[in-house]
Each structure stands twice: as structure tokens, then as C-alpha cells.
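See structure below.
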Number of protein chains: 2
Amino acid sequence: MGIDRRVARTRTALYDALVALIRRKDYATITVEDILAEANVGRSTFYAHFTSKDDLLQRSLERLRDLLIEVQQGSGHGADATGWDPARTLFEHVSEYADVQAALAGGHGGAVLREAVDKVLADVLRQAMGTGLVGGLPRELVIQHVVATFNTTLHWWFEHRPEMAPAEVDALFRQLLLRGLPAGAAAPFIVMADPA
Amino acid sequence: MGIDRRVARTRTALYDALVALIRRKDYATITVEDILAEANVGRSTFYAHFTSKDDLLQRSLERLRDLLIEVQQGSGHGADATGWDPARTLFEHVSEYADVQAALAGGHGGAVLREAVDKVLADVLRQAMGTGLVGGLPRELVIQHVVATFNTTLHWWFEHRPEMAPAEVDALFRQLLLRGLPAGAAAPFIVMADPA
DNA sequence: GCAATTTCCGAACACTGTGTTCGGTATCGT
DNA sequence: ACGATACCGAACACAGTGTTCGGAAATTGC
């Protein structure tokens with residue numbers, strides 16, 4: 001009693017259509033009708049599977065989650081002693097898809113997209129961390145911070161230095177995450193020594 | 001030849017209405033008609049001043065920007081050797097408004113709101129940093145990272161430890177920002193051995 | 001105060017998009 | 001082949017957007 005081929009076909013068609021649209025339009029401006037046209041799926045059929053555009057997005061991202069887990073678990077079977085860097089792999093992977101980065105950077109729809117992706121990243125990371133120590137810091141805060149820093153770096157990369165190599169970006173990412181800001185970098189916000 | 005009082009009244013009424021609504025509804029579900037009802041303003045009048053709900057939001061946040069600049073420059077007290085801590089002041093200030101935090105945390109509308117607030121925070125910070133040093137790190141990346149870390153911390157606070165004191169939260173914030181994660185905390189995401 | 005100007009109101013309108021319903025048709029699993 | 005299931009697509013009610021326009025009301029400058 002496997003899954004009916006028709007439902008599988010319909011769903012993947014909708015997933016693919018959404019992704020295709022995201023790559024060329026701002027997420028916020030995409031309508032259900034756009035998706036139907038792109039996927040060649042009937043209106044009632046759509047609502048038989050998903051409750052809304054956002055619902056479709058979330059379920060679409062489950063694929064991303066699986067992909068991330070795969071990438072991340074490829075480490076255990078690889079060179080685990082020398083260390084494996086999922087973040088760098090992600091930077092490298094993402095660097096090949098400028099349109100995806102543009103979608104994540106985009107104005108109104110970008111925020112919604114980013115939040116959804118953040119959630120997936122956090123889930124994967126949370127699972128990967130297991131019940132490991134967090135060095136005295138609250139576990140969930142660490143997770144959110146890692147995700148946020150990754151996203152910030154990625155966004156900055158695309159917006160300000162798109163020509164930079166993934167390895168360099170990764171180095172910046174690690175600096176921010178593991179060492180923090182140099183003493184004087186955050187002066188005005190942290191400790192004000194402002195000549196007012 | 002000042003600004004017509006009717007204009008001023010209408011605009012502040014709309015600003016206030018939006019803020020009031022944000023405090024009790026998810027931003028995404030707020031309609032222009034809600035705003036009109038709350039502010040007692042005619043439909044055509046609204047569109048004579050703003051092009052959309054998002055436009056109104058952005059202009060409303062200009063007030064927030066002014067407030068932040070005031071807070072940041074009002075460092076008359078406590079400006080000793082240890083300096084003045086705008087972040088801590090912000091944590092303390094925000095802790096008094098649970099509904100605002102809820103609005104920023106909220107699902108769909110939260111993301112849009114956060115992005116708008118992030119933009120304002122980044123502007124203020126950018127101006128405050130002037131042409132100061134950034135310790136070898138790209139200036140804009142530092143700004144975005146500070147803002148993102150602040151927001152992450154704030155969000156985590158509200159979601160997971162609302163009873164925590166502002167000073168403690170500020171300490172966590174500074175730890176993340178200035179020292180980074182302790183070795184091992186981010187083990188699954190970051191490589192252990194540091195090739196830098 | 002008074003007049004000229006500006007703004008506000010509110011109803012009407014066209015438009016876009018959402019989400020549901022239902023009978024007929026095509027496709028699937030066995 | 002047959003029964004079950006999924007898909008189609010048109011029609012519908014509904015909510016929200018953004019514009020237009022004439023008349024009423026408030027404001028400013030004098």
C-alpha cells in the first residue's frame with residue numbers, strides 16, 4: 001500500500017513550481033495561482049494537499065532539511081579525525097546558486113523565507129548537537145546564534161562581496177562565531193567612549 | 001507656514017493606531033481597514049499619506065530611530081572608564097514591554113517587523129560607529145552581526161527565559177559578541193581543529 | 001472675522017486573490 | 001477489470017486593496 005503516484009506527482013510538481021518561482025520572483029508577490037499555472041495543477045487539488053502558500057513552503061523545506069542532514073552526516077563517514085566543516089560546505093554549495101541567495105536577500109518575501117530556512121537550519125543543528133555540552137551557555141541560544149551568524153554572513157557576502165571565495169567567507173564566519181569581535185570593533189554599541 | 005495641523009493629527013493617529021494594533025495582533029493579519037477603524041481616519045485619507053501598510057510601518061519606525069539615537073546620545077550618566085552600555089539600556093527598556101516582544105517574536109508578521117527594526121538598528125549603529133575601526137573585519141558585516149546577535153538574544157530571552165534579569169541577558173549578549181562560543185559548543189557545525 | 005486654500009470624509013467602483021464546493025473524468029492499486 | 005481514489009475546472013462567496021470624486025469641514029494667512 002504505497003503512496004498513490006498521483007499524489008506524489010502533484011506534490012513534487014508543486015514543490016518544484018514554488019522553488020522555480022522563488023528563483024525568479026519575490027516570495028511575497030507569488031500567488032497561489034502563479035503556482036498552479038507553473039505546476040499545471042488544479043485549484044481544488046492544491047487545497048486538497050496544502051492549506052496555503054506558506055504551508056507549501058514549509059513542506060518544501062522538509063526536502064532541504066533532508067539534504068542538510070545528508071550533507072552533515074556525510075562527515076561521520078568521512079574524515080572525522082581531521083574535522084569536517086559543514087558550514088564551509090554550505091557556503092560552497094550556496095555560492096553556486098545566485099538566484100537562491102537573491103531570494104533570501106529580497107525585501108519583503110526575503111524575511112519570511114529566511115525565517116523558514118532558519119527554522120530548518122536550527123532543527124538540523126539541534127539534532128546534530130544532541131545533548132552535548134554548550135560550554136555554560138544556554139543550548140537554544142547557542143543554536144539560534146549559530147544560525148543567525150551564518151545567515152548574516154551569507155547575506156553580507158551576497159550583498160557586499162559577491163566575488164569573495166567561499167573559504168574566505170567561512171573564515172569570517174568562524175571569526176565572528178568562535179572569537180567574537182575584536183576589542184575596538186563594537187565600541188559604540190557595547191562600551192561607549194563616544195566624544196559627545 | 002508650518003505643517004497643517006490636520007496632517008499632523010492624521011499621521012500621528014495612524015502611527016499610534018498601527019503600534020496599538022501591533023501590540024495585540026500579528027502584524028501580517030492587520031489590514032488597512034483595521035488601521036482606519038483604530039485611527040478613525042477615512043480610507044482615501046490614508047492613501048493620501050501612505051502608499052501601503054508597509055509604508056506606514058517604515059515611517060512609524062522613524063520615530064523609533066529618533067528614540068534610539070536619543071538613548072544612545074543621552075549618555076550623560078554613567079559615562080566613566082567602564083563606559084556606557086546602550087545594549088543593556090535597550091534590554092532594560094524592552095523588558096517593560098512584553099507585548100512588543102511578542103510582536104517581534106510572532107510567526108509570520110514577526111519576520112517582517114524584525115527586518116524593519118533591524119534596518120533601523122543598523123542605521124543607528126552605522127551612524128554611531130562613524131568611521132571607527134573595525135579591527136580588520138568588514139565594517140558592514142560587523143554592524144549586521146551586532147544587530148543580529150542583539151535580536152537573537154532578545155528573542156531567546158522572551159521565548160525561553162522571560163524571567164531572567166536584563167543585566168544577565170546583557171552579559172550573555174556580550175559573551176556571544178565579544179568572546180564568541182567556547183570551544184566545543186559549536187562542535188557539530190564547526191570543525192574542531194582550527195586551521196586559522 | 002473672513003475668504004481662500006487645503007484636507008478630510010465616505011461611498012462607490014474595479015480589481016486581485018483566497019478558499020470552498022461539486023459533478024464529471026482520468027488514473028491508480030490490486 | 002473493477003472499485004477506489006485523485007484530479008480537474010468552473011462557479012461561487014468573500015475579504016482586502018487602491019482609486020475616484022463631490023461635498024463638508026478645518027486651517028491658515030491676512
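Any value given below was found using the heavy atoms of this structure, including those in side chains, with hydrogens, waters and symmetry copies removed. Per chain, numbering begins at 1; letters A, B, ... match sequence-line order.
Dashed line: the shortest gap from a side-chain N or O of B/T10 to OP1 or OP2 of C/dT7 is not under 4.0 Å. In terms of phosphate contacts, B/R5 brings no side-chain nitrogen or oxygen within less than 4.0 Å of OP1 or OP2 of D/dA26. Of the side-chain N and O atoms in A/Y47, none sit less than 4.0 angstrom from OP1 or OP2 of C/dT20. For the OP1/OP2 pair of D/dC8 and a distance below 4.0 Å, the side-chain nitrogens and oxygens of A/R43 include no atom meeting the criterion. For the OP1/OP2 pair of D/dC7 and a distance below 4.0 Å, the side-chain nitrogens and oxygens of A/H49 include at least one atom meeting the criterion.
A side-chain N or O of B/D34 and one of B/T31 form a donor-acceptor pair less than 3.5 Å apart. Checked by atom type, the side-chain pair B/D54/B/Y27 shows a donor-acceptor distance below 3.5 Å. If you check the side chains of A/Q144 and A/E140, you find a donor sitting under 3.5 Å from an acceptor.
Nearest-nucleotide positions on DNA chain D for B/T51 and A/R6 put A/R6 closer to the 5' end.
Counting to the nearest Å, the P atom of C/dA26 and the CG atom of A/D4 are 17 Å from each other. Spacing between atom CZ of B/F50 and atom P of C/dT7 amounts to 14 Å, rounded to whole angstrom units. Atom CZ in B/R9 sits about 9 Å away from atom P in D/dA26, given to the nearest Å. In this structure, the CD1 atom of B/I30 is 19 Å from the P atom of D/dA15, given to the nearest Å. The CD-P distance, from B/E33 to C/dC9, rounds to 15 Å in whole Å. Between B/L36 atom CG and D/dT19 atom P there is a gap of 14 Å when expressed in whole angstrom units. Following rounding to the nearest Å, A/D54 (CG) and C/dG19 (C1') show an atom-to-atom distance of 14 Å. For B/F46 and C/dC8, the CZ to P distance is 13 Å, given to the nearest whole Å.
For B/T31 against D/dG16, a side-chain-to-base donor-acceptor contact under 3.5 Å is absent.
Of the charged side-chain nitrogens involved, none lies within less than 4.0 Å of a carboxylate oxygen, so that A/R88 and A/D170 do not count as a salt-bridged pair.
The side chain of B/T45 has C/dC8 as its nearest neighbour among C/dC8, C/dC28, D/dC7. Comparing atom distances between the B/V7 side chain and each of C/dC8, C/dT18, D/dG18 picks out C/dC8 as nearest.
Ring geometry for A/Y97 against A/H93 counts as tilted: the plane angle lies between 30° and 60°, on a 0 to 90° scale.
Among the heavy atoms of the strands, none lies under 4.0 Å from A/D34.
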